[in-house]
Amino acid sequence: MSIIEKDQQYVAGTYKRFPVEIVSGKGSVVKDPEGKEYIDMGSGIGVTSFGIADEQWQQAVTEQIGKVQHMSNLYYTEPCAKLAEMLCEKTGMKKVFFSNSGAEANECAIKVARKYAADKWAEKHPDEKDSAPYTIVTLKNSFHGRTLTTLAATGQDHFHELFQPLTPGFMHVEANNIKELTDLAQKVKIAGVMIECVQGEGGVLPLDKDYIQAVRDFTQENDIVMIVDEVQTGNGRTGEFYAYMNFGIVPDVVSTAKGLAGGLPLGATLMSEKVQNVLGFGDHGSTFGGNPVSCAAACSIVSRIDRKLLDEVKEKSRYIFNAFEGAPGVESVAGLGLMIGIKTVKPAAEVVAECMKNGVLCLTAKDKVRLLPALNIPMEVLEKAVAVIKDACR
Ligand SMILES: *Cc1c(COP(=O)(O)O)cnc(C)c1O
């Protein structure tokens, strides 16, 4: 049996995989078993921030594996503490909770918002504790994860249908329509608002700056916890360390994962001064969360996301936008930094298949071709990939 046949027989059929097996790679180039090379324009869905088998990353990981690979959260380990410090220094946040994935990072963020609202309510209304606000408002067309709670948060009906009942207490409003949110607040007690600054799975759609600022003003005026889901947009992807930094706001809670540890599982929920002490002993936990190997990997990634790298991300972004805007077979280009969605005249899946034949791996998001290359993709490799993709769009 080939690997592809074995996988199809034994692995749960939840993924419609491309008919390619990847055995190795270096940087932004990966290889199949026959040695055919592909330029990787998806980086494992925005995960391998510095590409495949990056040397500095590898060294950080192997060094930590040789020291201690796991100790549980009952003991202190250096990478966990160091990474939390680095994330707080980069953002001004005060505390970090570590988990293993984006969905888990959002679960924690939601718990923080609900507990903040409940604690505050209990102070003011000690006799009516049961009627504390719990509703979390998210946006239509959003994506926040696959657990039953983060599915409830996800504002796309087709994700909901098969798994009812989902966690209650989630409502969805139209993006870029602040009135819908403020009107809802007249009828429902809101504990938190969660947004993606650029809707990734929803089609690589940046929200309006005015809207993001209006959400921040509204949540501040009403002491509602504002969560920014930076699972896909975070860790340098948009040309700033976190995407919210492009929009002139500071949220109360930031959740992130994907590119944080450069290819190992790690989620992080960052808490601002206001909510830093909401979670106390026993309020939340994770066996693997803050694993020393994942955290050492993340330290090596985060320490390299400096102004110079972020400016290179912006420069490569401009290059991609210029290459595709107005190109034959391209209807529009949207996104931020190295998170780009190209609406093509041909169906996106057809363009992606053509690219794969010609040695370039791309993603889709809704009806778009989505590009999420490694942050350090060399310019000459990017140029080659863009030429292939442009050809496939025609
Ligand atoms: C990928 C993603 C998630 C889910 O992350 P997992 O690690 O797959 O749980 C959540 N939110 C956003 C915005 C994402 O892009």
Side-chain angles (χ1 to χ4, degrees), residues 12 14-15 17 42-49 97-113 136-156 159-160 163 166-167 170 172 175 192-207 212 215 226-238 240 242-244 246-247 251 253-270 286 288-291 294 297-298 301 334-341 363-366 368 370-373:
T14 60
Y15 303 109
R17 299 197 207 276
S43 62
I45 318 189
V47 167
T48 47
S49 304
F97 180 86
F98 289 114
S99 52
N100 313 285
S101 66
E104 284 175 276
N106 284 337
E107 292 264 348
C108 176
I110 291 161
K111 280 186 166 182
V112 169
I136 307 290
V137 180
T138 69
L139 301 184
K140 290 180 183 158
N141 196 45
S142 59
F143 181 82
H144 297 295
R146 301 284 197 157
T147 62
L148 288 172
T149 295
T150 55
L151 271 185
T154 292
Q156 302 186 54
F159 281 106
H160 296 167
F163 303 106
L166 302 177
T167 306
F170 287 86
H172 312 291
V193 176
M194 176 157 70
I195 64 165
E196 299 157 270
C197 291
V198 183
Q199 294 190 328
E201 303 303 311
V204 201
L205 300 167
L207 300 184
I212 292 177
V215 171
M226 180 176 180
I227 303 164
V228 175
D229 177 343
E230 296 266 6
V231 173
Q232 188 161 157
T233 54
N235 315 301
R237 178 57 51 193
T238 68
E240 293 296 333
Y242 286 122
Y244 72 78
N246 293 288
F247 296 91
V253 179
V254 178
S255 56
T256 191
K258 287 197 168 85
L260 177 59
L264 287 179
L266 184 64
T269 308
L270 284 56
S286 164
F288 283 114
N291 169 278
S294 293
I301 296 291
L336 199 59
L338 287 177
M339 180 172 177
I340 293 176
L363 305 166
T364 58
K366 289 275 173 76
K368 290 181 182 168
R370 175 171 42 156
L371 307 181
L372 293 171

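As a basis for the values below, the full set of heavy atoms in this structure was taken, side chains included, without hydrogen atoms, waters or symmetry mates. Remember, it's 1-based here, ligands and their atoms both numbered in the order they're listed. Not measured: the values here are computed from a predicted model.
Residue Q232 has at least one nitrogen or oxygen atom sitting less than 3.5 Å from a nitrogen or oxygen atom of ligand 1, judged on distance alone. Between G145 and ligand 1, no N or O atom pair is found at a separation short of 3.5 Å.
Under the 4.0 angstrom criterion, atom 8 (O) of ligand 1 counts as lacking any protein heavy-atom contact.
Heavy atoms of S101 found under 4.0 angstrom from ligand 1 belong to the backbone as well as the side chain. Looking at I45 against ligand 1, nothing comes within 4.0 Å, counting heavy atoms. With a 4.0 Å cut-off on non-hydrogen atoms, K258 touches ligand 1 through its side chain and not its backbone. When heavy-atom distances to ligand 1 are checked against a 4.0 Å cut-off, E196 comes that close only through its side chain, counted from C-beta outward.
Put simply, the side chain of S142 reaches to within 4.5 Å of the side chain of Q199, judged on heavy atoms. Between L205 and N141, some side-chain heavy-atom pair lies under the 4.5 Å cut-off. A heavy-atom distance below 4.5 Å is found between the side chains of M226 and I195.
Close approach of ligand 1 to A103 is summarised as follows: ligand atoms under 4.0 Å from at least one heavy atom of the residue are 4 (C), 5 (O), 6 (P), 9 (O). Taking every heavy atom of N106 and a limit of under 4.0 angstrom, the matching atoms of ligand 1 come to 10 (C), 11 (N).
The protein heavy atom nearest to atom 5 (O) of ligand 1 is G102 CA, 3.3 Å. Closest to atom 11 (N) of ligand 1, if we only count protein heavy atoms, is D229 OD2, 2.8 Å.
The distance from atom CG of L260 to atom CG of L264, rounded to the nearest 0.5 Å, is 10.5 Å. With rounding to the nearest 0.5 Å, the separation of CD in Q232 from CE in M339 is 4.0 Å.
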Worksheet item: Can F143 and F159 be said to form a ring-ring contact (aromatic ring centres under 6.0 Å, His included), step by step?
Response: CA-CA 9 Å; F143 181 82; F159 281 106; 5.4 Å; yes
Practice prompt. Take E107 and T147 through the side-chain contact (heavy atoms from CB on, under 4.5 Å) test and state the conclusion after the steps.
Written response: CA-CA 9 Å; E107 292 264 348; T147 62; 2.6 Å; yes
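Every salt bridge (charged side-chain N to carboxylate O under 4.0 Å, His left out) that K140 has, sequence neighbours left out, goes to E174, E180.
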